[in-house]
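Written below as structure tokens is the structure these notes are about.
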There are 2 protein chains.
Amino acid sequence: MQKNKLKNPFKSANHKHKKCLQTALAAAKKHCDAFGLRLTPIRYRVLELVWQNHAPVKAYNILDQLKLAKSSAPPTVYRALDFLKEEGLVHKIESLNAYIGCDNPQEGHKSQFFICDDCGTVAEIADPDIRYLLRKKAHQFGFKIKDEMVEIKGHCQECRGSAE
Amino acid sequence: MQKNKLKNPFKSANHKHKKCLQTALAAAKKHCDAFGLRLTPIRYRVLELVWQNHAPVKAYNILDQLKLAKSSAPPTVYRALDFLKEEGLVHKIESLNAYIGCDNPQEGHKSQFFICDDCGTVAEIADPDIRYLLRKKAHQFGFKIKDEMVEIKGHCQECRGSAE
DNA sequence: AATGTTACGTTATAATGTAACATTTTCCAT
DNA sequence: ATGGAAAATGTTACATTATAACGTAACATT
């Protein structure tokens, strides 16, 4: 059993994300520079809007924000999100139809998400044990994995504090 | 490591599902009888329509089928699907916005899905190892799981046969 | 300058899902 | 059996999520 680098992704998600937002944006720039990709103003702005939460953000919510500065339409947002997804800079949470920033673009963007139903915070982990097990199971019946969605709902430690 | 009862859920999914459709419908009836639930004609019909595929079926596709017999509107379908989901008789595949029959209502309806991108077939497994591992990981940071979504996309053995 | 390519603008519409309220059906206690 | 509550369905309208289709701008290459 390998160790998980993130001890408590919820704890680490807590507050002062002006800092982690800056870090994420800088990382994104670096990533795009490295691969000759264009992190255009729209894409940058969308990424920024996604990162302003550790909770998933909806496409039309982003669109509303964009509209504050300038008339915009759905394709603008979806195109930017597609680009960012492609590069692993954001993930779509399928069970919420919403998007969340990822600070680990290089890692191949296969992650597992733990979503707190109370505060909405999402913790992303990239756990090799889970991935190994899924691959092993798939292999048992000749299934070749191309993509993985693991979204776990529940209650995080902080939110359980008061209730339990 | 515990054994998985289903050796190859894809193989078992192959054709002649007139049979398994009948079985599933009978099981659903039995389940509802046992719990004093009303498997009304609409609910029965929707379940039947879902079960006519081993691939996920979309709500509006079901609606179109219902309309053939009688004028119907979206709430009719979604209500029936909600009931069936509640009872574990169908599952929603979140990443496809589509629904698939489940023949194991009693089992607590926590399953993992392997979805073939080529033929659309979905294999459902209820694997204790995966669930155990997810719980273990969650426990490490105090997360209490309420619901689980595990949807794995790729290519099944049959579809890989020709290509590889 | 002509062409190619990528990103973006714009309009319209498709696809998915729900709110709200009216009506009908079923259940069951009397 | 029957009247009243609860459950299920009908109906209309609308909200939300996503994409198609086509045109234009900006910039690079030849």
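By convention in this document, chain letters (A, B, ...) are assigned in the order of the sequence lines, proteins followed by strands, and residues within each chain are numbered from 1. Being a predicted model, the structure only gives us computed values, none of them experimental.
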Does [N] have OP1 or OP2 sitting under 4.0 Å from an N or O in the side chain of [X]?
X	N	result
B/Lys58	C/dA15	no
A/Lys92	D/dA18	yes
B/Thr76	D/dG10	yes
A/Asn97	D/dA18	yes
A/Lys70	C/dG9	yes

Sidechain N-carboxylate O distance under 4.0 Å for [X], [Y]:
X	Y	result
A/Lys137	B/Asp127	yes
A/Arg79	A/Asp82	no
B/Asp33	B/Lys30	no

Give A/Ser72 one of three labels, base, sugar-phosphate or nothing, depending on what nucleic acid heavy atoms sit under 4.0 Å from its own.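 The residue A/Ser72 makes no contact with any strand.
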Within the 4.0 Å heavy-atom criterion, would you say B/Tyr44 contacts the bases, only the backbone, or no part of the nucleic acid?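 The answer is nothing, as B/Tyr44 stays clear of every strand by at least 4.0 Å.
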Measure the distance from [atom1] on [X] to [atom2] on [N] and round it to the nearest whole Å.
X	N	atom1	atom2	result
A/Asp82	D/dT19	CG	P	7 Å
A/Glu87	C/dT6	CD	P	14 Å
B/Leu96	C/dA15	CG	C1'	14 Å
A/Asn61	D/dT17	CG	P	9 Å
A/Leu63	C/dC8	CG	P	15 Å
B/Glu94	C/dT16	CD	P	13 Å
A/Leu81	D/dT19	CG	P	11 Å
B/Tyr99	C/dT16	OH	C1'	8 Å

Map A/Ala59 and A/Arg79 onto DNA chain D by nearest heavy atom, then report which one ends up closer to the 5' terminus.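 Upstream on the strand: A/Ala59.
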I want to confirm an ordering. Mapping A/Pro74 and B/Phe83 to their closest nucleotides on DNA chain D, which one lands closer to the 5' end?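 Nearest-nucleotide comparison on DNA chain D picks B/Phe83.
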[X], nearest nucleotide to its side chain (from [options]):
X	options	answer
B/Ser71	C/dT10, D/dT11, C/dC8	D/dT11
A/Thr40	D/dA18, C/dC8, D/dT9	C/dC8
B/Arg38	C/dG9, C/dC27, C/dT6	C/dC27
B/Pro75	C/dA19, C/dG9, C/dT16	C/dA19

Between the base of C/dA19 and the side chain of B/Tyr78, is one N or O donor paired with an acceptor at under 3.5 angstrom?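 Answer is no: no donor-acceptor pair is held.
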Using Watson-Crick or G-U wobble geometry with both distances below 3.5 Å, tell me the partner of C/dT5, or none.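 D/dA26 is the nucleotide pairing with C/dT5.
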Just say parallel, tilted or perpendicular for the rings of B/Trp51 and B/His54, cut-offs at 30° and 60°.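 B/Trp51 and B/His54: perpendicular rings.
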Could you check A/Glu124, A/Glu151, A/Lys110 and say which one makes a side chain to side chain donor-acceptor pair (under 3.5 Å) with A/His91?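 Result: among A/Glu124, A/Glu151, A/Lys110, A/Glu124 is the only option passing the side chain to side chain donor-acceptor pair (under 3.5 Å) with A/His91.
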Min side-chain heavy-atom separation A/Leu134-B/Val150 under 4.5 Å: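 Yes - at least one pair of side-chain heavy atoms lies under 4.5 Å apart.
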Check for me: is A/Tyr60 stacked on D/dT16 by the 5.5 Å centroid and 30° plane-angle rule?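 According to the criterion (under 5.5 Å, under 30°), no, A/Tyr60 does not stack.
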